[in-house]
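Below is one structure, written out as structure tokens; the observations come after it.
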Amino acid sequence: MNKAARGKRIGIMGGSFNPIHYGHLMLAEQIRTQYALDKIIFIPVGIAAHKANNLRETRTERYHMTALAIESNPFFEVSNYELKREEISYSVETIRHLRQSLDASDSLYFITGADAIILLDSWYHSEELCQYVTFVAATRPGVDIEEFESKIEALHLKLNAKIEMCFIPALAISSTDIRTRVSEGKSIKYLLPESVEAYIYEKGLYRCDV
Ligand code: ATP
Ligand code: MG
């Protein structure tokens, strides 16, 4: 079947990206190739419902870091859709908006790590979101595989969610750890792209913020 006949296969990678790191990039690239996706759109969250930190104030920086990090991958793009809105970002609203510009034959793959998907039933209007996307949930260091599997089964039953579980190489990298390292003057080299590392130092990000 050719691409036009099967519709586009689009990956969505949501996150704070505060900062973006190799855990995000490797996850996206693994899923892109495993699922033969035509592209992946990185959508940095604007104002997050679940996070108490200063995501709003770092909107511009998070956008720039994401753009720098994906520059070398022609299949990756970044959207400022959530960043430019003043309201709390809800995935269901972003995806509903995105679907309007797509054909019915196009499919959306919402990529997450295990820690994010296990909270799906607490997401705003998660049942509606499940109608629009297939979730691809990847293992992440620190998350128990058996618990992950039984949670996915429960979400499937409760929300009729289409969730595919994926095993990817384990990278125990998190944005929280990177912020802590910067604030403590520790090295972050090889945890994220050099361009993003340079940007963090140039702008003085995370010096006293964890
Ligand atoms: P923070 O520590 O601030 O929560 P984070 O490293 O978890 O940051 P997010 O921006 O919260 O990054 O994550 C965006 C998405 O990427 C989530 O679905 C998350 O599960 C996934 N993700 C982040 N890091 C990894 C990793 N190392 N391995 C697998 N998935 C990851
Ligand atoms: Mg996180």
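A quick note: this is a predicted structure, and the numbers were derived from the prediction, not measured. Whatever order the structure lists them in is the order used to number ligands and atoms, beginning at 1.
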Using atom types as modelled and distance alone, determine if a side-chain donor or acceptor of [X] lies under 3.5 Å from a backbone N or O of [Y].
X	Y	answer
Arg62	Pro44	no
Asp106	Asp103	yes
Ser79	Tyr81	yes

Within ligand 1, which atoms have a heavy atom of [X] less than 4.0 Å away?
X	result
Phe17	10 (O)
Ser174	2 (O), 6 (O)
Gly14	14 (C), 15 (C)
Met13	16 (O)
Arg179	3 (O)

**Report entry** Atom of Ser89, atom of Glu82 and distance for their closest heavy-atom approach
**Finding:**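 Answer, listing the atom of Ser89 first, then Glu82: CB-OE1, 3.2 Å.
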Query raised in the report: Given Gly23, Gly15, Gly113, which one has a non-hydrogen atom that is nearest to atom 21 (C) of ligand 1?
Result: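 Closest candidate by heavy-atom distance is Gly113.
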**Report entry** Residue selection (non-hydrogen contact nearest atom 7 (O) of ligand 1) among Arg140, His21, Gln30
**Finding:**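 Among Arg140, His21, Gln30, the closest heavy atom to atom 7 (O) of ligand 1 belongs to Arg140.
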Is any N or O atom of [X], backbone or side chain, closer than 3.5 Å to an N or O atom of ligand 1?
X	result
Asn18	no
Thr139	no
Ile173	yes
Ala172	no

Report task. Could you please spell out the steps behind the side chain to side chain contact (heavy atoms under 4.5 Å, CB included) verdict for Leu108 and Ile95? Result -> CA-CA 9 Å; Leu108 287 176; Ile95 300 298; 3.7 Å; yes
Query raised in the report: Is it the case that Arg32 places NZ or CZ above or below the six-membered ring of Phe75, under 6.0 angstrom from the centre and within 45 degrees of the axis?
Result: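 Yes, Arg32 sits over the ring of Phe75.
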Query raised in the report: Should Ala170 be listed as contacting ligand 1, given a heavy-atom distance under 4.0 Å as the test?
Result: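 So Ala170 does not count as touching ligand 1.
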Query raised in the report: For ligand 1, is Asp115 a contact, meaning one of its heavy atoms is under 4.0 Å away?
Result: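 Yes; Asp115 lies near enough to ligand 1 that a heavy-atom distance drops under 4.0 Å.
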Requested in this report: Fit a plane to each ring of Phe17 and His24, take the angle between them on a 0 to 90° scale, and name the class: parallel (under 30°), tilted (30 to 60°) or perpendicular (over 60°).
Outcome: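 It falls in the perpendicular class, over 60°.
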Requested in this report: Describe, in one word, how the ring planes of Tyr199 and His64 are oriented to each other, choosing from parallel (under 30°), tilted (30 to 60°) and perpendicular (over 60°).
Outcome: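 Aromatic pair Tyr199/His64 classed tilted.
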**Report entry** Asp38/Arg6 salt bridge by N-O under 4.0 Å criterion
**Finding:**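 A salt bridge links Arg6 with Asp38.
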**Report entry** Stepwise side chain to side chain contact (heavy atoms under 4.5 Å, CB included) check, Leu129 with Tyr90
**Finding:** CA-CA 10 Å; Leu129 177 61; Tyr90 293 115; over 6 Å; no
Query raised in the report: When you look for heavy atoms under 4.0 Å from ligand 1, do you find them on the side chain of Thr176, its backbone, both, or neither?
Result: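 Both of them.
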Report task. Select one of side chain, backbone, both or neither to describe which atoms of Thr112 lie under 4.0 Å from any atom of ligand 1, heavy atoms only. Result ->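 Near ligand 1, Thr112 shows its backbone as well as its side chain.
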